[in-house]
Amino acid sequence: MPEPVIQVRPEGLYVPAADLHIDPRRAVRRAIITHAHADHARAGHGRILASPTSRALLEHRLPGTPVSVLPWRTRHPFGKATISLHPAGHVLGSAQVRVEVDRETWVVSGDYKRQADPTCETFESVPCDTFITEATFALPVYRWPEPADVATDVLRWIRHNRDQGRSSLLLAYSLGKAQRVLAELHRHPEAQAVLGDPVVVHDAVAAINQLYRDAGIDLPPTRRIEDRPTGERRAPIVAIAPPAVDGSRWAKRLGVHDHAFVSGWMRIRGIRRRRAASRGFLLSDHADWPGLLRTIEESGARRVLVTHGRPDVLVRVLRERGVAAAPLEGPWEPAGEEG
Amino acid sequence: MEDFCRLYSDLDSTTSTSRKVSVLRAHLAKASPADAAWTVYILTGGRVRRAVRTAELRQWATELAGLEEWLFEESYATVGDLAETIALVLDLGLPGPATVEGSLTHWIEDILLPLRTEDDPVARRQRVVAAWSAQHTLGRFCFTKLLTGGLRVGVSRRLVVRALAALTGLEDDILTHRLSGGWEPTEDNWALLTATDVSSSVGARPYPFFLASALDDGPDSLTGEPSDWLVEWKWDGIRGQLVRRDDEVWIWSRGGELVTDQFPEVVEAGLKLPPGTVVDGELLAWADDGPAPFSSLQRRLQRKRVGAKLLREVPVVLLAYDLLEWAGRDIRSLPLHERRAMLDGVMRRTEGNGMRLSQALNVGSWAEAARLRAGARTARAEGLMLKARNSPYRTGRRRGDWWKWKVDPLTLDAVLIYAQAGHGRRANLHTDYTFAVRNAEGELVPIAKAYSGLTDAEIIRLDKWIRENTRERFGPVRSVAAEQVFELAFEGIRRSRRHRSGLALRFPRILRWRTDKPVSEIDTVANLENLVERLGS
Ligand SMILES: [Zn+2]
């Protein structure tokens with residue numbers, strides 16, 4: 001039996017024919033990083049290979065590690081393997097990795113989603129023999145509403161808070177989710193009427209916003225909390241910050257405010273109440289249940305290997321549908337706030 | 001219904017009581033009388049008698065969503081709530097509208113209640129599917145919740161009363177009183193509930209119970225002398241209020257339920273009292289000349305109606321400790337010592353089978369009280385009650401006048417063997433634990449299940465450990481490596497043939513996570529059996 005094109009090693013996914021790793025969790029000589037989220041982009045690698053739009057984000061998050069760009073969809077020889085990157089639609093620059101060895105093709109999905117997102121490339125289906133997919137939201141209860149409807153709900157919440165004299169704090173992962181929230185709110189027809197002044201963003205979000213703008217992503221103007229005119233210090237505002245900021249000194253500067261978590265996990269009441277004990281809005285950068293099944297089908301893969309989340313459920317469903325599927329033994333990082 | 005869904009979502013997304021009160025008040029102010037009545041009924045825990053079997057709902061939702069049965073079960077295990085799981089999976093196969101048309105009353109009275117008399121399963125399915133089709137996800141959740149019994153949303157009866165008080169300008173006590181008992185959701189009852197005329201009479205209605213607070217620091221923290229306090233046993237039964245009015249007797253439990261039919265001997269004793277008398281006390285199983293263990297009372301509680309044999313085997317008494325109404329007059333504002341003196345007189349008319357006076361204990365000093373408390377278990381009591389002699393009979397749990405000074409719980413050390421994901425707020429975290437002790441053969445045998453007692457941080461840490469140390473999975477249950485030792489507290493222990501250990505604990509809960517203790521030091525069935533002997537049950 002020939003050696004598998006991609007293996008699981010203690011340090012992570014490994015391509016023997018190319019002698020490189022994909023999203024390894026320990027420092028390695030050479031790694032392809034699918035996207036700049038912390039659970040995929042670890043520090044200390046000798047060299048990083050990434051998509052054109054991921055590069056600036058990786059250099060920001062992992063200063064000092066050299067990043068080489070692999071242009072989208074271009075096939076590069078690495079040893080006996082041919083490797084190319086394809087948009088995964090998860091966050092700006094997020095890539096699927098296609099690896100071909102001896103005419104056998106494997107695709108590593110990385111994190112991905114199928115919903116339209118004005119702040120990143122759109123997912124592209126890549127035909128393959130073996131598809132390695134994530135399964136963060138692999139349960140039938142996870143199905144995402146239209147982002148425009150979510151924006152309507154968010155704006156209604158903001159308006160209600162303002163009527164009560166309260167600021168509104170949206171807690172969203174600083175890379176990807178925060179930019180998507182901004183963009184989705186601003187393309188809503190009522191955005192101007194409800195939001196008024198530019199949204200206040202936390203510094204962690206502001207830094208990423210800048211990198212998104214540099215990459216040509218159209219984001220509305222934002223401001224830092226210090227930039228509020230003195231006379232308006234008490235007026236209700238709208239702010240976006242990473243979840244860790246909740247309850248911090250920074251958040252206190254917003255004055256009386258309501259907070260809401262923006263995440264796919266908000267689909268489930270029990271999780272929402274545990275994470276936020278408050279309002280939750282359902283916007284995820286991962287594929288929902290129909291999205292996972294559709295993507296697997298479109299890949300045409302004869303075999304599906306499943307990482308992250310609920311591999312047990314997805315594997316069983318695929319097997320019952322006649323697809324050869326198996327969990328890819330981790331340990332994968334549990335999906336965190338970026339859900 | 002749309003308004004009600006929005007109310008639900010608003011109440012569910014804040015933990016602030018004052019916000020909930022204002023949201024509810026605003027909702028009730030706009031709602032029609034019928035909708036307002038149903039809203040109050042639902043939020044105070046009122047249940048609609050189950051119209052459809054949950055197995056049917058589960059099956060229909062699974063079919064509509066195009067799922068295999070096991071996938072629904074996996075989803076349910078993660079979500080932790082059946083109605084929520086149904087609402088979420090229906091999104092896969094059943095499109096719904098953006099808003100739900102029709103009033104809450106329409107949905108309950110014209111759609112939900114008639115389902116109860118629909119005997120044809122095919123027609124029943126059609127009706128439920130039609131209802132689901134006319135709702136969005138949140139509507140389906142609320143409707144299915146109501147369909148399966150009730151919809152609680154972290155709103156207490158007290159909070160509803162506060163919202164009603166804000167709406168009507170009436171006193172909390174009046175509203176609580178009007179709402180207590182089996183309040184039915186009708187337009188007329190809404191009018192009576194919110195009527196500003198407060199002179200109307202009350203029939204079977206009980207008074208709201210005054211609840212004692214836990215005295216954690218002992219009586220030295222109390223004001224005044226021991227002689228300012230009435231000391232009694234804290235009985236280990238269920239709280240009951242006997243209402244004797246007109247030609248009848250009603251017995252109310254603390255949960256606001258009528259339990260009259262379950263205690264005929266107490267009713268008989270109550271009939272000896274003059275109409276216009278209301279007595280507060282504790283319902284206890286009685287053996288020879290003292291209280292029987294709580295497990296005896298449980299035999300009575302499990303029956304809606306009791307046969308002659310059970311009546312003979314497990315007689316029940318109401319141990320009376322307060323008088324709330326005398327000669328048709330509400331005397332709750334009188335000081336306790338006056339009410340007690342009157343109660344002594346009243347009880348002379350009926351003392352014996354069915355009703356007895358809860359004796360005051362003679363206590364000269366707090367040290368003496370502490371000694372009594374230490375012997376509470378032998379008296380089949382849970383500890384002491386300390387009540388300020390000059391206090392009125394208040395409403396709800398107000399600190400200051402009534403204290404319960406419970407004996408320290410019994411404890412044991414056990415090892416965690418199974419874990420299961422929690423429900424509601426704890427969905428997705430393993431929060432339901434099964435613990436084991438060792439038997440004579442050295443095997444681990446389950447001794448208790450416990451759900452509470454850990455901090456949120458500990459729960460998260462333990463959840464992580466459980467996931468990493470799972471041995472086997474049986475549906476939502478995981479068996480884990482027997483390594484983590486916990487100290488459990490419990491209120492009682494008895495022999496039980498239904499349990500593998502031969503023992504059953506009462507009110508087990510986690511006291512602390514003993515990361516310092518090796519598994520070799522957990523308790524054994526043998527030393528727990530000794531404990532049963534010592535406590536003599
Ligand atoms: Zn990610």
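- Counting only heavy atoms from C-beta outward, the side chains of B:Glu74 and A:Val141 never approach each other to under 4.5 Å.
- The CD atom of B:Glu68 lies 8.5 Å from the CZ atom of A:Arg316; values are rounded to the nearest 0.5 Å.
- A distance of 6.0 Å separates OH of A:Tyr142 from OG1 of B:Thr78, quoted to the nearest 0.5 Å.
- By the side chain to side chain contact (heavy atoms under 4.5 Å, CB included) test, A:Ala326 is found to be paired with A:Leu305, A:Arg319, residues two or more places apart in sequence or in another chain being considered.
- The neighbour count for A:Gln7 CD, taken as heavy atoms of other residues, nucleotides or ligands under 6.0 Å away, is above 12.
- Expressed to the nearest 0.5 Å, how far CG of A:Asp149 lies from NE2 of B:His136 amounts to 11.5 Å.
- At a 4.5 Å heavy-atom cutoff, the contact between A:Glu320 and chain B is made by side-chain atoms alone.
- B:Arg509 meets the side chain to side chain contact (heavy atoms under 4.5 Å, CB included) test with B:Pro409, B:Ser452, B:Ala489, B:Glu491, B:Phe507; sequence neighbours excluded.
- Between A:Arg269 and B:Asp81 there is no salt bridge, since none of the side-chain N atoms of the basic residue sits less than 4.0 Å from a carboxylate O of the acidic one.
- Of all heavy-atom pairs between A:Val313 and B:Trp70, the closest is O-CH2, 3.5 Å.
- Contact annotation for B:Leu92: both backbone and side-chain heavy atoms come within less than 4.5 Å of a heavy atom of chain A.
- For B:Arg467, no part sits under 4.5 Å from any heavy atom of chain A, backbone or side chain.
- Here CZ of A:Arg267 is found 4.5 Å from CG of B:Leu88. Values are rounded to the nearest 0.5 Å.
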From CA spacing to verdict: side chain to side chain contact (heavy atoms under 4.5 Å, CB included), B:Leu71, A:Trp289: CA-CA 12 Å; B:Leu71 256 179; A:Trp289 175 253; 3.9 Å; yes

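- Residue contact with chain B, scored on non-hydrogen atoms closer than 4.5 Å, is absent for A:Asp288.
- Counted by atom type alone, A:Arg272 and B:Ser13 present zero donor-acceptor pairs between their side chains at under 3.5 Å.
- Proximity to chain A is absent for every atom of B:Ser16, based on heavy atoms less than 4.5 angstrom apart.
- Within the model, atoms CG of B:Asp12 and CZ of A:Arg279 stand 9.0 Å from one another, a figure rounded to the nearest 0.5 Å.
- At most 12 non-hydrogen atoms from other residues, nucleotides or ligands lie less than 6.0 angstrom from OH of B:Tyr418.
- The number of heavy-atom neighbours closer than 6.0 Å to CD of B:Glu458, taken from other residues, nucleotides and ligands shown, is above 12.
- Looking only at heavy-atom pairs under 4.5 Å with chain A, the residue among B:Leu90, B:Val89, B:Thr137, B:Leu67 that has the most is B:Leu67.
- Contacts of A:Trp157 with chain B are absent, with no heavy-atom separation under 4.5 Å from either backbone or side chain.
- Proximity to chain A is absent for every atom of B:Glu468, based on heavy atoms less than 4.5 angstrom apart.
- Atom-to-atom distance recorded for A:Ile268:CD1 and B:Thr85:OG1 is 7.5 Å, nearest 0.5 angstrom.
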